[in-house]
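Here the structure is a predicted model, which means the values were calculated and not measured. All ligand and atom numbering here is 1-based and tracks the order in the structure.
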Amino acid sequence: MENIEKILILDFGSQYTQLIARKVREVGVFAEIHPFNIELEKLKELNPKGIILSGGPSSVYSEGAPHPRFNVFELGIPVLGICYGLQLIAFTQNGQVDAAAKREYGKAMVNVVEDNPLLKGISNNAQMWMSHGDSLSKMPDGFETIANTENAPICAIANIEKKIYGVQFHPEVHHSLEGKKVLENFVRSICGCVDTWNAESFIDQAIQDIRDKVGDEKVICGLSGGVDSTVAAVLIHKAIGDQLHCIHIDSGLMRMNESREIYDLFKKHFDISIEVINGHDTFYGGLAGVSDPEQKRKIIGKAFIDLFDGATQGLDSAKWLAQGTLYPDVIESVSVKGPSATIKSHHNVGGLPEKMNLKLLEPFRELFKDEVREVGRMLGIPEWFVKRHPFPGPGLGIRILGEISEDKIEILQRADAIYLEEITKAGLYDEIWQAFAVLLPVKSVGVMGDERTYEFTCAIRAVTSTDGMTAEWYPMPYDVLEKISSRIINEIKGINRVVYDITSKPPGTIEWE
Ligand code: XMP
């Protein structure tokens with residue numbers, strides 16, 4: 001986002017770095033994340049109105065601890081240091097940090113002890129979230145204490161004149177009840193940001209950017225059926241109309257009726273031209289007899305590329321490939337990628353643009369998922385579609401464990417549809433980040449009526465998460481489980497046992513393969 005007021009977040013490895021950016025954007029100011037060792041030249045080019053130093057797992061004194069390449073406190077730009085960021089202020093300004101007499105993890109009540117712009121309007125005894133072992137033992141030169149807690153006599157500091165602030169608590173996390181106000185004070189009152197950045201202003205700017213970039217050239221967009229590529233296609237269509245050509249490959253591994261729904265959404269709801277390619281034979285043929293998860297992922301990924309490639313052969317005039325790439329995929333810092341990034345070979349159509357000699361058009365490179373959803377709403381995409389749970393590229397191919405057959409696909413599609421219908425009826429769909437059924441290659445004995453059955457097992461899974469990198473299993477109410485289990489077993493021939501997955505991530509992954 002050029003020509004827009006922005007806050008720069010320097011990442012020192014905190015698990016909450018992305019949250020800082022999201023919270024600042026929620027107050028209507030654009031924020032972007034850069035690694036702690038950004039070059040000064042680059043920072044100046046970005047021309048931020050303010051800088052936030054994230055937390056991080058290190059101690060400022062330890063060997064190899066991350067330090068910026070230059071003195072961020074001498075740039076004349078307002079700075080807010082959070083946790084590790086506060087320690088950096090002490091380190092560079094002649095203060096001292098020591099292991100705290102009492103470590104603080106969890107909620108703490110913060111008392112404001114000195115009037116200041118950062119904590120203006122914050123209640124006394126405001127609940128904030130702490131997570132630190134080290135704390136400030138000597139005040140840095142030119143600073144004063146502006147807040148304390150029972151265990152931390154110095155919990156927030158300020159050099160009001162130089163507009164440098166440090167807080168020991170994490171204003172970005174949900175449990176810091178008045179944290180958003182603190183961030184708002186920083187970006188609005190201290191940094192002086194006046195612009196409003198939201199989905200509406202994003203759409204206006206993105207449409208202009210797309211038109212400027214693309215001119216009268218043609219764009220191809222592969223529609224997976226997911227929220228990101230769908231919203232991208234609708235946005236691009238709004239910008240360049242029929243210069244956009246959408247292709248959806250129906251792999252036969254989608255959820256029940258999903259390809260039809262995508263076609264209807266584009267053709268009937270938006271009147272956007274869409275080509276649907278039936279790839280069932282290619283996918284089923286390639287997967288026949290294969291049970292190894294990694295091999296399945298590779299076969300599915302290659303089938304997508306081959307079919308997509310074939311479908312675009314005649315479109316020589318196309319110069320662009322649109323993709324729904326999101327901000328978390330492009331942030332340079334490692335801490336936001338999480339440890340699971342390399343556990344499974346993720347399927348996407350990477351490599352395609354080079355092969356086809358296409359330029360990439362990625363209008364959401366700077367957006368988080370929630371923001372893409374909001375853009376989708378503003379563009380008139382129906383709510384049920386916009387808030388859909390994530391679905392992996394390889395689809396049911398990695399939710400049927402072991403070998404895949406058309407029978408098994410149909411069984412799983414029906415079980416999954418019943419499951420999602422029941423959690424929606426119970427009003428739980430929006431509370432859950434991702435819910436789905438898995439078909440296990442395990443048969444067990446049962447009895448229905450007077451007859452012995454010997455059929456497959458269906459596992460159902462539901463997790464809560466913010467980004468899919470970590471997840472908690474969802475405590476599904478017993479009555480809902482009961483309803484789901486009895487409907488699946490009664491209505492679907494082929495399943496006679498249902499189990500509920502109670503594994504969090506880590507140590508599990510969200511998908512079973
Ligand atoms: P895991 O199973 O790694 O999944 O915990 C984390 C999130 O990523 C989704 N997922 C994928 N998404 N292509 C995708 O586009 C893939 O190959 C893929 N594999 C997993 C998964 O559904 C979850 O939301």
Side-chain angles (χ1 to χ4, degrees), residues 15 18 221-233 248-249 251 253-255 258 262 279 283 286-287 290 292-305 308 322-330 336-352 362 364-365 368-370 372-373 387-401 404 412-413 416 419-420 423 429-440 459-474 501-513:
Q15 55 179 322
Q18 279 194 59
C221 183
L223 292 176
S224 66
V227 175
D228 310 335
S229 58
T230 301
V231 182
H248 169 67
I249 293 172
S251 61
L253 300 166
M254 311 287 286
R255 287 171 281 203
E258 200 169 3
I262 294 160
F283 284 90
L287 289 167
V290 180
D292 176 69
E294 275 299 289
Q295 216 185 331
K296 285 204 269 184
R297 280 175 170 273
K298 295 209 166 104
I299 290 167
I300 295 170
K302 181 166 181 313
F304 268 114
I305 292 186
F308 197 79
Q323 287 191 338
T325 314
L326 300 187
Y327 191 42
D329 301 327
V330 297
V336 294
K337 299 261 190 255
S340 73
T342 51
I343 307 263
K344 298 173 184 177
S345 62
H346 264 221
H347 147 78
N348 56 34
V349 277
L352 251 191
E362 300 179 308
F364 302 146
R365 276 180 76 83
F368 291 108
K369 185 100 182 176
D370 298 346
V372 172
R373 290 198 162 108
K387 65 183 191 195
R388 238 183 183 177
H389 291 171
F391 186 65
L396 303 186
I398 54 165
R399 291 182 180 171
I400 294 170
L401 271 58
I404 294 168
L412 182 58
Q413 280 177 334
D416 192 66
Y419 179 33
L420 297 183
I423 57 174
Y429 188 87
D430 296 346
E431 266 182 41
I432 296 168
W433 197 74
Q434 196 170 2
F436 55 90
V438 178
L439 192 68
L440 307 186
I460 52 178
R461 178 140 175 79
V463 294
T464 53
S465 175
T466 47
D467 50 17
M469 288 193 288
T470 60
E472 302 287 330
W473 61 272
Y474 179 74
D501 182 352
I502 52 165
T503 319
S504 290
K505 172 183 179 176
T509 50
I510 295 176
E511 303 291 344
W512 277 46
E513 285 196 336

Would you say ligand 1 has an N or O under 3.5 Å from any N or O of Ile510?
-> yes
Pull out every atom of ligand 1 sitting under 4.0 Å from any heavy atom of Gly468, numbered as shown with elements.
-> 6 (C)
Run the numbers for me: atoms of ligand 1, each under 4.0 Å from some heavy atom of Lys505, listed by number.
-> 1 (P), 3 (O), 5 (O), 6 (C)
Where Arg399 and Pro390 come nearest, the two heavy atoms and their spacing | NH2-O, 4.4 Å
Minimal heavy-atom distance between Phe364 and Ala232, with the atoms involved, is CE1-N, 3.3 Å
If you measure from each non-hydrogen atom of Ala471 to ligand 1, which part falls under 4.0 Å: side chain, backbone, both or neither?
-> neither
Considering non-hydrogen atoms only, spot the tightest contact between Leu412 and Ala437 and give its length.
-> CD1-O, 3.4 Å
Check the angle between the aromatic planes of His389 and Tyr429 and answer parallel, tilted or perpendicular using the 30° and 60° thresholds.
-> parallel
Trp433 to ligand 1: N or O pair under 3.5 Å?
-> no
So, Tyr474 versus Glu431: side-chain donor-acceptor pair below 3.5 Å or not?
-> yes
Numbered atoms and elements of ligand 1 in range of Pro394, under 4.0 angstrom, heavy atoms = 13 (N), 16 (C), 17 (O)
Heavy-atom pair with the smallest gap, counting every atom of Ile262 and Ser224 | CD1-O, 4.2 Å
Distance-only N or O hit between ligand 1 and Arg399, under 3.5 Å | no
Looking only at heavy atoms, is any part of Arg297 under 4.0 Å from ligand 1, and if so is it the side chain, the backbone, or both, or is it neither?
-> side chain
